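Source: prediction; values computed, not measured. Each residue takes its place number in the sequence, starting with 1.
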Amino acid sequence: MTSLFSSPRRAAPFVLAAALASTSALTFAPSAALAVPAGGYADLVEQISPAVVFIEVTGTAEQASAQVQLPEGMPEELRKRFEQLMPQGPAGAQPMHGLGSGFIVSKDGMIVTNNHVVTGADTVKVKLADGRSFDAKVVGSDVLTDIAVLKVEADVDLPAVKFGSSDDMRVGDEVVAMGNPFGLGGTVTTGIISAKSRNINAGPYDDFIQTDAAINRGNSGGPLFNNAGEVIGVNTAILSPDGGSVGIGFSVPSDLVQDIVADLSDDGEITRGWLGVQIRPMTAEVAQVLGLDAPKGAVIEAIGDDSPAKKAGLEKGDIILSFNDTEIKELRDLTRAVAETDPEAKAEVMVLHKGKEVTRTVTIGTLADQKA
C-alpha cells in the first residue's frame, strides 16, 4: 500500500483494501434467491462487470525533512563535515501513485468508491472494462464512512448498476466481489456473508458486512453484489497479517452508502446531526448496581458548552437509554441515531438521571465538517 492513502489507526492488522503503487440429520434445500446461479456466475458477471471501474490516482506528498541532531561539544570542523554529508531541510514534493476500484451508479457518470482511494489525489482517472478512460472529478467524500463520489463526463450513456438492500441480506448468503486487486484489472471472487454489523474500530459509524470473498489491496471501493446483481456493499478493508486476503474482508453496507451518496451528490457535503456529548460504555459494576442483566446505554462523560444536550438539560453522569425510537445497547447505536437525525429536528431522549428514567426533548444541532 502506498503512502498516498491513510493508514488504519488501530493495533490490529486491519488493512484498507487500497492499492499498490496503493452434522445434523436434517437437511434443507437452499432457496433459489440464495443459491449459486444455475450454470455459475458467468452470466451475472457478464451483465454487471461493465459498470465496475478501475481508478488510478496521482498526487504529491511532502517528504519529511531529515534533520540530524549532532552531539553537543563536537569540534566545529568535525561538525561541518557531518553537516555536509547529511541531508538537511525538506526533501521536496515526491510523486505518489495508487490504484483502486469503483462502480458506476448512474448513466450520466456518477461513480462510487472509497474516500481513502482518492484522498490527497491531484488527478483521478477512471478506466472502464471496455478500455475507455475518463478524467474524473471528486464530487465529495466522507472520511467517517470512507465513501467518495466521483463524476465523469461521457458523450453516451454509461453502464450502471443498482443498489440492493444490505439489511435484507443474511449471514450465509452468497456474494460476489469485483475490483482491481494488486492492479491486475477486472477480477471476480465469490463467497458468503460471514457476519453483519461488524465493528472494527475504524470509525464512529462502523457497521460492516464481513465476507470471505477474497478482497485484496486494490479492491478498495469495489462493489459487493448479491445474486441479483445489486450492490449490497462497498469493499473497504481486510484483516490480514501480511496484506493479502485471509478470507476476512469488510464492506460498507449499501443501506448506509446510499444515504451518503445521495447527500454527497447533492452538494458535495455530508450533513449530520450533533448532540454535543462525550460518552462511554456502562460498566458491568454499574449494570449490576442498577439490576441489569448486562450493560447498556451510553454514559455521558462530558457535555459541550452551548451544545444541544446542554440546552436540553442533560447532565454529566446521565445514562442515555434511548434516542427517539432507537434503543441504545452500545455506543455506536447512539452515534448513528444522532448522525441520521436532521439538524434542527427535535428528538426524545430517555435518560437514567439519578436513578430515575426521564425524557428530555433535544433540538439537534449540526455536526462540524470532519476532514480527512
Side-chain angles (χ1 to χ4, degrees), residues 16-18 48 51-53 55 100-119 124 126 136 138-152 158-170 173 175-180 193 195-200 202-211 213 215 219-238 249-273 332 335-337 339-341 367 370 372:
L16 294 175
I48 58 182
V52 180
V53 302
I55 299 172
S101 306
F103 54 97
I104 305 172
V105 293
S106 67
K107 293 181 179 180
D108 64 350
M110 202 72 75
I111 295 169
V112 176
T113 186
N114 280 145
N115 169 72
H116 75 262
V117 169
V118 296
T119 295
V124 181
V126 169
V138 179
V139 175
S141 60
D142 178 39
V143 64
L144 296 180
T145 58
D146 200 13
I147 296 298
V149 174
L150 313 179
K151 183 70 166 65
V152 298
L158 296 176
V161 289
K162 297 180 179 180
F163 285 108
S165 172
S166 53
D167 189 55
D168 289 345
M169 302 299 292
R170 300 183 299 168
D173 280 354
V175 288
V176 178
M178 298 185 68
N180 182 28
I193 292 179
K196 294 180 64 179
S197 196
R198 282 295 198 213
N199 181 0
I200 63 174
Y205 306 109
D206 279 18
D207 191 33
F208 290 101
I209 296 171
Q210 181 183 329
T211 179
I215 296 174
N219 275 114
S220 269
L224 188 70
F225 290 104
N226 62 18
N227 284 349
E230 300 168 329
V231 178
I232 54 89
V234 178
N235 302 323
T236 297
I238 58 176
F250 300 95
S251 302
V252 184
S254 59
D255 290 348
L256 173 58
V257 174
Q258 290 181 80
D259 291 339
I260 298 299
V261 169
D263 211 349
L264 289 175
S265 299
D266 182 38
D267 58 5
E269 298 181 351
I270 295 293
T271 302
R272 290 188 171 95
R332 58 178 173 158
T335 301
R336 285 201 298 266
E340 292 169 0
T341 304
L367 182 68
Q370 305 294 301

Charged N to carboxylate O under 4.0 angstrom, Arg272 versus Asp142? yes
Check whether any side-chain heavy atom of [X] sits under 4.5 Å from a side-chain heavy atom of [Y], and report yes or no.
{"X": "Val112", "Y": "Ile147", "result": "yes"}
{"X": "Ile111", "Y": "Val149", "result": "no"}
{"X": "Ile55", "Y": "Leu150", "result": "yes"}
{"X": "Met110", "Y": "Ser265", "result": "yes"}
{"X": "Phe225", "Y": "Ile48", "result": "yes"}
{"X": "Phe163", "Y": "Glu230", "result": "no"}
{"X": "Phe250", "Y": "Ile200", "result": "yes"}
{"X": "Glu269", "Y": "Leu264", "result": "no"}

Only one of Val252, Thr145, Asn115 passes side chain to side chain contact (heavy atoms under 4.5 Å, CB included) with Ile260, and that residue is Thr145
Side chains of Asn180 and Ser101: do they bring a donor and an acceptor to under 3.5 Å? no
Under the 3.5 angstrom rule, does the side chain of Lys196 hit a backbone N or O of Asp207 as a donor-acceptor pair? no
Check for a donor-acceptor pair, side chain of Thr236 on one end and backbone N or O of Val234 on the other, with a separation under 3.5 Å. yes
Just to verify, what does Arg198 make a salt bridge (Lys or Arg N to Asp or Glu O under 4.0 Å) with, not counting sequence neighbours? none
Check the pair Val175 / Met169 against side chain to side chain contact (heavy atoms under 4.5 Å, CB included), numbers first and verdict last. CA-CA 10 Å; Val175 288; Met169 302 299 292; 4.2 Å; yes
May I have the step-by-step check of side chain to side chain contact (heavy atoms under 4.5 Å, CB included) for Val139 and Lys151, ending in yes or no? CA-CA 6 Å; Val139 175; Lys151 183 70 166 65; 3.6 Å; yes
By side-chain hydrogen bond (donor to acceptor under 3.5 Å, both in side chains), Ser106 pairs with (sequence neighbours left out) Asp108
